[in-house]
Every structure is written in C-alpha cells, then in structure tokens.
Amino acid sequence: MAQQKAATGNATAQDSALALRLRREVSGDILFNPFDLGRYATDASFYQIKPLGVVVPRTMDDALRAMAIARDDGYIVTPRGGGTSQCGQTVNSGIVVDVSKYLNRIISLDVEKRTCVVEPGIVLDDLNRQLKKHGLWFPVDVSTASRATIGGMAGNNSCGGRSLRYGTMRDNTISMDAALADGTLLHFGEVPRDMAWQNTEMPGRDLFRDMLALGEREAAEIAARFPHVQRRVGGYNLDALTPQPVNNMAHLLVGSEGTLAFTTRVELKLWPLIGAKVFGVCHFGSFYEAMDATQHLVKLKPIAVELVDSTMVALGRDIAMFRPTIEAVVKGEPEALLVVEFAEADQGANLAKLKQLGDLMGDLGFGWDQPKRKWGGVVEVIEPAMQAAITDFRTSGLNVMMSMKQEGKPVSFVEDCAVPLPHLADYTERLNKVFEKHGTRGTMYAHASEGCLHVRPVLNLKLDKDVKAMRAIAEEAFAMVREYKGSHSGEHGDGIVRSEFHAQMFGERIIHAFEEVKERFDPDNTLNPGKIVHPPKMDDRSLFRYAPGYKVENIKTVMDWSAYPGAAGGFQGAVEMCNNNGACRKLEGGVMCPSYRATRNEKDVTRGRANTLRLAISGQLGPDALSSDAMMDTMKLCVSCKACRHECPTGVDMAKMKIEVLAARAATHGLTLRDRLVGYLPHYAGLASRFPWLANLRNRSGILRTLFERIAGISAKRDLPEFRSDVFAPGGTAFGPDNGPEVVLFADTFNRAYERENLDAALRVLVDGGYRVHLPRAIDGGRPLCCGRTFLSAGLVDNAKAELKRVVETLIPFATRGVPIVGLEPSCLLTLRDEMLSLRSDEAAKKVSAHALLFEEFLVREAETGQLRLPLGAIDKSAHVHGHCHQKSFGAFAPVEKILRLVPGLKVEKIESSCCGMAGAFGYGADTYDVSIEMAEASLLPAVRKAADDALIVADGTSCRHQIKDGSGRGALHVARVLAMSLNSNVKTGVTAEGGGHR
C-alpha cells in the first residue's frame with residue numbers, strides 16, 4: 001500500500017501537510033521543492049526517480065521521528081548516504097532520509113580491542129583520518145572512500161581493493177543497531193543459536209528465531225545455490241543464518257540495501273595501519289594474457305591485484321591530473337596493466353616480493369623484448385607519493401571511463417560480476433565477443449585478484465536500440481557467470497539493475513526465502529521497496545535518467561561547448577558529463593568542492609548543481625528554469641574556483657557553466673547594483689583613483705557600510721579594497737636591456753589599482769634578470785587592458801568579449817614573434833588560457849593564449865632551461881604558501897613552490913588548503929560572508945595562525961591575500977615581492993618589499 005501511495009504522488013495538499021508536519025516535529029532540513037527533489041532523484045546509476053520529499057535529520061531521534069511520520073501517513077522511506085550507488089539502490093518515490101550531513105560521528109572507540117561504533121553517515125575517509133592517530137584503519141577501502149558512508153557501505157556489503165586480505169564489509173561488521181519498519185529498535189549481533197529459542201527476554205527473540213529457523217530449513221538449498229566466491233553481494237545473506245554455534249544477525253542486514261531496517265549504529269572491526277608497501281606494475285601486450293596471469297600472481301599473496309586496461313590508460317593521458325602518473329609508470333603501449341601491491345611486515349620483505357614478482361613474470365614467459373603476445377614486464381614503484389598517485393588513478397577508474405566526450409558512455413549493469421580466477425581470461429574474452437555481437441565495445445578495470453572486473457559496455461541509453469542491447473548483453477553475460485559458478489554482483493549490489501535476475505541466479509526456492517525475510521521484517525513494504533525482492537524490470541525506461549521523451553531544447557549559449565555532443569551547441573553534453581559519482585563531496589584533499597565542505601548540502605556540491613542544470617535545460621523544472629531564482633540559489637555558493645574542472649574525473653566545469661546561468665539571468669532579469677559594481681570595476685577604477693578619499697569613504701563610515709549592505713548586498717563586516725592615486729600605469733614603455741629577451745608584463749586591474757607593489761616587484765625581478773620588459777598600452781589608446789573576468793562574474797559576456805578583443809589586438813604583435821605574456825593575478829592571466837578560447841576561437845586569440853604564462857611559470861621555465869639569471873640573496877625565514885584555486889586547476893601551483901625554493905635560506909611549506917573563500921566578490925556578499933569565512937576556517941586560516949610571527953605568508957591571488965588579512969590580521973605577499981626581497985638582501989638598492997621603484 002505504501003509503495004503505491006508514494007508512486008502516485010498524492011494530492012498537493014497532502015504533500016504540503018506532510019512537509020508542514022515534518023518541519024514542525026523534526027529538526028534538520030526538510031526539502032520538498034522541485035529543485036531539491038530533482039537533486040535527490042538520481043544516484044550514480046542511470047536511474048531517476050523523483051522522491052516525494054527529503055529529510056536531512058539533525059539527530060538520530062529526528063530520523064526515527066521522520067520514519068514514524070512517514071509510516072503514519074503511509075509513505076515509503078529510503079535511507080541515503082553519499083548517493084554513489086551504481087545500481088539505483090538509493091532512489092525511490094517516497095521519503096528519502098539523508099544521514100550524511102549530521103549523523104556522522106564516531107560514537108565510541110576501543111583502541112585496545114580494535115573496534116569502534118559509528119553513526120551511519122560517517123564518510124570512510126573521515127573515519128580513517130580520525131583512526132590514523134591511533135595507528136588503526138577500517139580497511140574496506142572502496143574507490144569512493146572520499147564520499148561513501150559507512151551506512152551505505154553496510155547496506156551494500158562493500159568490498160574495496162584489498163578484500164583479498166581484509167574481506168568484505170560483512171567480514172568487518174561486528175554488530176548493528178537498527179529500527180524496524182514498525183519503529184522497533186533492535187541490536188543485531190552475535191546470537192548463540194540455543195539462546196534464540198530459550199531466552200524469552202531477548203529483544204527481537206521471535207524475529208531472530210524465525211530467521212534462524214529459515215536458515216536451518218534452507219541450509220541445503222543455500223549451500224547448493226549460493227556462489228562459492230568471496231565477492232558475492234547479491235540477495236540477502238541467508239548463509240549467515242545456516243546452523244552454526246553462533247550466528248551474527250548483523251550479517252543479514254549487511255547487503256540488505258535498506259530494505260529490512262534503518263541503521264542507527266554500526267560496530268566495526270579495525271585493523272593496524274599498513275606500513276611500508278611496494279607496487280609492481282605488470283605490463284601485458286595482450287589483455288587475455290593479463291587475465292590468465294592473475295591466477296598465478298595471487299600465489300605470491302599480494303594485498304591486491306588491480307587491472308587497468310588500455311582504454312583507461314588512453315583516457316587518463318587526456319586528463320591533466322593523471323597524465324604525469326601515466327607518463328611515469330606506463331612503459332610502451334600495453335593492452336593491460338596489473339598493479340600488484342605488497343604490504344609485508346617490513347620493506348625488506350616487500351622488496352623480496354617484488355623480485356619474486358619479476359621472476360614469476362619471467363617464468364610465465366613475459367619479457368620486454370618478447371613479441372606482442374608475450375611482451376611485458378614489471379615497473380617497480382617504491383616511492384609512496386607515486387604509489388598514492390597510482391591508487392588515485394586506479395580508484396578513479398569508473399570516472400575516467402565516463403570522461404568520454406560522446407553520447408555513448410560506459411554503462412554499469414554487468415559491471416562487477418565475479419567469477420573464479422581460473423575462468424577469468426575465458427570469461428572476459430567471451431564477454432568482449434558479446435559486446436561485439438551487439439555492436440559495441442567494453443571497458444574493463446578493477447579487482448583482478450578477486451575475479452571481479454568492472455566491465456562497462458559503451459551505450460547511449462537515450463536510444464531504444466541501445467537499451468535493447470543492454471538487456472541482451474545482461475542476459476548473455478549473466479548466463480556465462482552462472483556457467484562459471486560465479487556471482488552476478490561481486491561488489492555493487494542489486495538495486496534495480498540486478499534484482500530481477502535473482503531467480504536465475506539463486507532459483508525459485510531461494511527467491512521465496514528472500515521474500516519471506518522481507519515480509520517478516522517489513523510486512524507493509526515501506527522500506528526501500530523494489531530492491532532485492534519484487535523489483536521492476538531493469539530496462540524499464542520510465543525509471544531512467546534519460547526516459548522516453550527526454551529532450552534538451554536548443555537554447556542559445558554564450559560559450560563554446562562544441563567539444564561536447566548534444567543540443568545547445570554541446571552544452572547539453574557538457575552538463576551530462578556528470579554521472580553523479582560524487583567525487584565533489586570529498587571533505588579533504590584538493591580543492592573541490594569548497595562550498596559543499598562548508599554547508600554539506602547536496603544543493604551546494606558540483607553534482608547537485610549539474611543535476612539541477614540537466615533538469616532545467618530538459619524542461620523538467622518548468623519554463624525559464626535556467627534563469628530562475630531557484631537556479632540562482634543553486635549557483636549562489638559556487639565560487640567558480642575551477643577545482644571541478646581539474647579534480648572531477650569526468651571533467652565537469654561548473655565555473656564555466658555558471659557563466660551560462662549568469663548570462664541567462666542578466667538577459668532576463670537585468671543586473672543588481674552589486675553586479676554592476678563588480679562587473680564594471682575596470683571601467684570606473686581610473687576615476688576612483690582620482691578621488692580615492694571619496695571612493696574609500698565607505699570603509700571609514702559605519703553608516704555607509706550599513707547602507708551599502710542594504711542597497712548593494714555588500715557585507716558591512718568587510719573592508720573593501722582601498723583605491724589609491726599612485727596606480728600602476730603601463731604607459732606603453734619598456735624597461736631592461738635593449739638586447740635582453742623580451743617579455744610582456746600584463747598589468748591586471750586588481751594589482752594595478754590596489755596593489756601596485758606587486759607589479760613593481762615583478763618588474764624589478766624581470767629587469768634584474770636581464771629581460772626586456774614591455775608594458776604595452778591598449779591599442780585603442782583607452783583604458784588599460786582588462787581580461788574581462790569581472791564582467792563574466794556578472795554574466796556580461798558581451799562586455800567580456802569586448803575587453804578580450806582589446807587584449808588580443810594589443811598583444812598579438814608580441815605573441816606573433818613568440819614573446820611570453822606574463823601576468824601576476826591567476827584569475828586574470830588564466831582567463832586568457834581558458835574562458836577566452838570559449839568566447840572566441842580565432843587564430844589570434846589562440847596565439848595570445850598559447851603565450852600567456854603566470855609570473856612564476858615563466859621564471860621556472862627559464863630556470864629549467866638555464867636562462868634565468870637572478871642574484872637572489874638569502875632569506876632565513878619560512879614561507880607558508882597558499883595556492884590560488886585557478887593555479888591548482890591549471891597545474892600552475894607547483895611553479896610557485898619551485899621558484900621560491902631558489903631563494904637561499906627560505907624554508908618553503910605548502911598550506912594544504914581548499915579555496916580561501918573570498919573568490920573575487922563572493923566573500924564580500926552580505927549573504928555569502930559567513931560561508932566565505934567558514935571556507936577559510938576549514939584549513940587556510942588555522943594554518944596561517946599557526947605560522948611563526950616572522951614567517952612569510954605567500955599568496956598570489958588578490959582575493960586570497962585579502963581573506964588572509966581579514967581572517968587572521970596577517971599580511972600576505974605575492975611571490976614577486978618575496979623574490980624582490982631576496983634581491984634586496986643581496987643588493988641593497990632598487991625596489992623594496994614595501995614598494996617604490998619603476999613607475
């Protein structure tokens with residue numbers, strides 16, 4: 001009854017009443033608007049089912065209260081963690097309860113016994129960060145560890161890359177506390193079999209007794225029909241119920257996908273941290289040979305053997321963050337790699353294992369000088385940093401595969417079938433023939449040591465013929481798996497994709513037993529129905545993300561999206577690159593996604609924004625959704641840091657997409673006063689410099705601060721950058737020796753108007769280095785050059801194009817003769833390398849873009865070619881360096897560290913930080929100020945405060961320096977000023993660190 005009621009949606013009045021009641025009785029976030037529901041309608045599968053409402057409970061009591069309210073009104077409930085399911089486990093039509101935002105604590109930790117109790121919403125990486133200081137970790141290391149929650153992992157019976165040693169989630173779950181559908185709270189743990197019949201006081205005695213009786217009754221059938229492979233995560237774990245002295249009832253809940261009970265606590269078995277380890281990257285000229293070799297390599301008892309195929313290597317070479325890793329460890333053009341990992345008690349034993357691996361490869365006939373079929377060998381990886389890089393690439397396998405810029409994508413539905421190792425080579429070869437038969441090809445990677453490969457045929461599920469091919473491939477593949485006595489699912493569970501195939505896998509008698517379990521736990525079918533038992537068809541297109549009738553109108557776009565397929569000039573394809581993998585939900589490491597790290601809201605993560613855009617441009621959120629208030633609210637906390645452009649494995653560029661939203665908004669709703677003040681800054685900066693006392697008056701008046709906040713939305717808590725009369729004026733002149741190598745110094749608006757000391761210092765450094773430095777005047781003789789970034793941030797794309805036209809026309813003579821164009825402000829200079837090419841594609845723009853370099857990039861390039869001659873003196877201090885988000889996105893942060901390390905005596909320390917939170921004008925907003933500070937407090941500001949009083953704080957971004965000053969009271973320097981200080985310590989004349997010098 002509950003499932004039918006949820007599916008029909010009920011009357012709006014009833015839904016509103018439900019929402020009102022939830023808001024009245026449950027603390028937390030109660031989400032019922034169409035935009036929020038759309039964001040929770042998908043997971044990392046190809047399904048989409050819009051829920052009736054979403055509850056993000058603040059406490060576990062709130063979660064249980066929400067369940068009770070849903071039960072009273074007859075609605076189904078689906079628990080949700082990180083929403084990274086590959087099979088559609090976390091989508092349904094009732095009430096979704098998201099435990100990931102608030103219910104994420106370690107409740108207790110017993111270091112001596114190596115156990116802990118956690119709430120279900122804690123993320124695996126977050127758990128392991130807290131355990132690390134105790135020398136412990138939880139080793140079910142799934143590839144989605146940065147966003148997968150323990151509750152979701154338990155529901156799925158996750159495995160991870162090292163299950164060869166540590167086993168699955170089931171093997172490492174000691175007990176679970178959970179609420180039944182009727183609200184009964186029970187502890188699921190070890191139960192002595194005789195106690196289940198004798199102890200009348202045991203909570204849940206009748207339920208446990210019935211389950212153990214079922215296990216005893218079906219023991220023979222379970223033994224006959226359950227696959228005898230370690231990686232079997234399909235169906236209910238009935239084998240946990242068969243006769244033995246002690247049964248662990250928690251193991252029945254593990255893998256039940258939220259269909260039996262709502263998890264409130266999980267008790268975990270912990271392990272000592274892995275010490276030193278080594279990798280052997282085994283190369284093979286034949287995929288079949290790699291698969292056949294696996295059964296022999298595991299005899300060396302590695303901790304893992306992971307497959308990387310040639311498709312993944314090729315795609316990885318096109319992804320900036322992975323290219324250096326591939327270049328370092330991949331030799332030649334292998335058809336397949338097997339990454340063999342050893343983690344013995346000491347490094348000596350590891351190195352001995354590596355030698356054995358090389359000897360074994362030789363015994364199997366592989367050698368670097370052999371012909372294709374037996375070509376191969378081992379690349380040894382000892383360095384921890386490179387091991388981490390390989391692991392990062394390997395665990396991003398799914399998303400690397402999804403980075404294909406085409407309508408067809410690798411689709412997950414036979415992805416994690418597991419077969420015994422002796423059959424692995426034959427299985428994969430036959431599977432490839434099945435793909436060929438149906439006119440497609442597949443990608444393969446992952447856990448070779450377990451006979452569990454992530455296999456994805458490339459299909460376009462918008463096409464009926466490809467949906468039919470998917471169905472046929474599934475049936476043929478599963479038949480092969482059964483032939484080899486394997487498992488339909490070795491890692492990712494059942495969900496909607498595989499549940500309907502349980503009858504063939506387990507037989508009708510076991511299916512009836514599954515149904516009996518579900519009926520006993522949840523007689524009204526209110527907990528996540530449609531999974532494991534009574535499922536829909538896996539190819540029911542009404543449940544697809546791209547359902548029949550899905551269409552994107554050919555909307556007018558302002559950027560060039562031609563690299564992508566689909567409507568709106570490719571904008572559709574760019575938006576649809578997001579496959580919901582959730583890498584943007586990571587809480588530490590890298591930059592992405594700073595707003596999510598501050599709020600933990602699905603609305604404020606790259607994935608949530610991409611889903612909203614897809615629903616908007618396909619008409620699923622109503623007319624004019626792209627420029628609506630709700631869309632602006634969705635984009636409000638996006639700081640355009642470009643981290644997703646670099647760190648999203650599928651390359652979703654939300655900063656660029658936001659420009660489309662801002663342009664649509666400006667076109668339909670006009671500009672706010674704040675938009676005008678920000679956008680037109682380059683136009684009025686010159687006038688403000690003539691009357692700086694007037695322009696800066698707002699900072700000195702509490703009344704004006706309040707007024708500006710009220711009428712322009714600029715936070716009264718912020719000082720605005722101070723205008724000055726002695727602005728840096730390029731003037732069209734040149735400095736330095738006439739015969740020196742030429743370079744153009746691009747004077748951006750921010751440094752020119754506010755912090756000319758940085759340009760003075762850069763000019764001093766370049767001249768002292770022997771360069772002929774050009775400071776070109778705009779070719780039209782008007783205002784100084786501007787990259788147009790402020791206009792882009794307000795959606796004024798035509799204005800930005802006009803500014804970039806002036807830049808190209810002025811700088812093309814220099815670019816034509818190969819002169820580098822060097823800038824100081826990352827967001828400005830890198831606009832010439834990024835957005836400019838999306839706004840104009842002429843050869844002049846491409847040439848200027850190709851010669852644009854950040855100041856430190858240029859100096860490092862010169863140093864590496866032996867051309868740099870700077871008389872740097874010692875600075876006996878430490879320098880704590882914060883990287884601008886755009887530097888990190890374009891791989892341009894490393895040069896900052898490299899150039900600073902050339903300064904004698906300077907100890908350079910990188911601040912491990914995400915976005916500073918200022919992000920141009922973002923941090924000045926009255927409505928974004930608090931989030932801005934929260935972003936900075938995540939890592940940047942605490943690191944600055946810990947730095948010694950005499951330490952240098954280095955930050956190339958204007959916004960970053962202002963945030964550091966506002967949040968810590970400490971001044972930060974551009975790297976150019978640090979180099980000028982170094983020159984001053986050697987030659988006590990010229991530009992000082994405080995300013996002066998060339999005008």
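Source: prediction; values computed, not measured. Counting begins at 1 with the first residue of the sequence.
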ask   = Does the side chain to side chain contact (heavy atoms under 4.5 Å, CB included) test come out yes or no for Met657 and Met654, once each step is laid out?
value = CA-CA 5 Å; Met657 294 176 190; Met654 189 52 59; 3.8 Å; yes
task = Check the pair Phe890, His646 against side chain to side chain contact (heavy atoms under 4.5 Å, CB included), reporting the backbone distance first and the verdict last.
result = CA-CA 7 Å; Phe890 286 85; His646 178 67; over 6 Å; no
Contact between [X] and [Y] at the side-chain level, heavy atoms closer than 4.5 Å - yes or no?
{"X": "Gln572", "Y": "Ile555", "answer": "no"}
{"X": "Asp392", "Y": "Phe322", "answer": "yes"}
{"X": "Leu587", "Y": "Arg129", "answer": "yes"}
{"X": "Thr149", "Y": "Ile122", "answer": "no"}
{"X": "Arg58", "Y": "Val26", "answer": "no"}

Just checking, any donor-acceptor pair under 3.5 angstrom between side chains of [X] and [Y]?
{"X": "Tyr924", "Y": "Arg718", "value": "no"}
{"X": "Thr606", "Y": "Arg645", "value": "no"}
{"X": "His886", "Y": "Ser827", "value": "no"}

Please confirm whether the backbone N or O of [Y] pairs with a side-chain atom of [X], one donor and one acceptor, at under 3.5 Å?
{"X": "Arg961", "Y": "Ala955", "value": "yes"}
{"X": "Asp748", "Y": "Cys828", "value": "no"}
{"X": "Asp675", "Y": "Thr672", "value": "yes"}
{"X": "Thr84", "Y": "Asn581", "value": "no"}
{"X": "Glu119", "Y": "Asn104", "value": "yes"}
{"X": "Lys531", "Y": "Gln89", "value": "yes"}

request  = List the steps, then state whether side-chain hydrogen bond (donor to acceptor under 3.5 Å, both in side chains) holds for Thr78 with Asn528.
outcome  = CA-CA 5 Å; Thr78 296; Asn528 203 21; 3.1 Å; yes
task = Assign the ring pair Tyr564 / Trp561 to parallel, tilted or perpendicular, where the plane angle (0 to 90°) is split at 30° and 60°.
result = tilted
query = Looking at Gly967 and Leu941, what are the two nearest heavy atoms and their distance?
reply = CA-CD1, 3.8 Å
message = How close do Thr557 and Ala568 get, counting heavy atoms only, and between which atoms?
response = CG2-O, 3.6 Å
Output a table of donor-acceptor pairs, distance under 3.5 Å, between side-chain atoms of residues 661-671 and any protein atom two or more places apart or on a different chain; print 'none' if there are none.
unit_1	atom_1	unit_2	atom_2	d
Arg665	NH1	Ser627	O	2.8
Arg665	NH1	Asp629	OD1	2.8
Arg665	NH2	Asp629	OD1	2.8
Thr668	OG1	Ser627	OG	3.3
Thr668	OG1	Ala664	O	2.9
Thr668	OG1	Arg665	O	3.4
His669	NE2	Ser627	O	3.3

task = Could you walk me through whether Glu709 and Lys717 pass salt bridge (Lys or Arg N to Asp or Glu O under 4.0 Å), step by step?
result = CA-CA 9 Å; Glu709 178 165 307; Lys717 299 175 184 178; over 6 Å; no
key: Criterion side-chain hydrogen bond (donor to acceptor under 3.5 Å, both in side chains) on Lys409 and Asn579, from CA distance to verdict   = CA-CA 10 Å; Lys409 292 286 196 297; Asn579 69 339; over 6 Å; no
message = Please evaluate residues Thr443 and Met312 with respect to the criterion side chain to side chain contact (heavy atoms under 4.5 Å, CB included), reporting the C-alpha separation (whole Å), side-chain torsions for both, the decisive distance (0.1 Å), and the verdict.
response = CA-CA 8 Å; Thr443 63; Met312 185 171 167; over 6 Å; no
message = Does the structure place the NZ or CZ of Arg147 under 6.0 Å from the centre of the six-membered ring of Tyr596, at an angle of no more than 45° from the ring's axis?
response = no
ask   = Charged N to carboxylate O below 4.0 Å: is that the case for Arg607 and Glu602?
value = yes
key: Salt-bridge criterion met for Glu835 and Arg789 (N-O under 4.0 Å)   = yes
note = When rounded to the nearest 0.5 Å, the distance separating CG of Asp29 from CG of Leu22 is 12.0 Å
task = Using the salt bridge (Lys or Arg N to Asp or Glu O under 4.0 Å) rule, take Glu407 and Lys462 through it: C-alpha gap first, then chi angles, then the decisive distance, then the call.
result = CA-CA 9 Å; Glu407 290 276 16; Lys462 297 171 186 171; 3.1 Å; yes
request  = Output, in order, the C-alpha distance, side-chain angles, deciding distance and verdict of side chain to side chain contact (heavy atoms under 4.5 Å, CB included) for Leu837 and Asp560.
outcome  = CA-CA 8 Å; Leu837 299 181; Asp560 179 10; over 6 Å; no
key: Whether over 12 other heavy atoms sit under 6.0 Å from Asp540 CG   = yes
query = Yes or no on salt bridge (Lys or Arg N to Asp or Glu O under 4.0 Å) for Lys586 and Asp125, after CA distance, side-chain angles and deciding distance?
reply = CA-CA 9 Å; Lys586 64 184 178 183; Asp125 271 358; over 6 Å; no
What side-chain donor-acceptor pairs closer than 3.5 Å can you find for residues 37-57, not counting sequence neighbours?
unit_1	atom_1	unit_2	atom_2	d
Arg39	NE	Asp36	OD1	3.4
Arg39	NH1	Thr612	OG1	2.8
Arg39	NH1	Thr634	OG1	3.0
Arg39	NH2	Asp36	OD1	2.9
Tyr40	OH	Asp98	OD2	2.7
Thr42	OG1	Asn580	ND2	2.6
Thr42	OG1	Asn611	ND2	3.4
Asp43	OD1	Ser45	N	3.0
Asp43	OD1	Ser45	OG	2.5
Asp43	OD2	Thr90	N	3.4
Asp43	OD2	Thr90	OG1	3.1
Ser45	OG	Tyr47	N	3.3
Ser45	OG	Gly88	N	3.4
Tyr47	OH	Met538	O	2.7
Gln48	OE1	Arg614	NH1	2.9
Gln48	OE1	Arg614	NH2	3.3
Gln48	NE2	Gln620	OE1	2.9

task = Mind checking ring-ring contact (aromatic ring centres under 6.0 Å, His included) for Tyr546 and listing every partner two or more places apart, or none if nothing turns up?
result = Tyr550
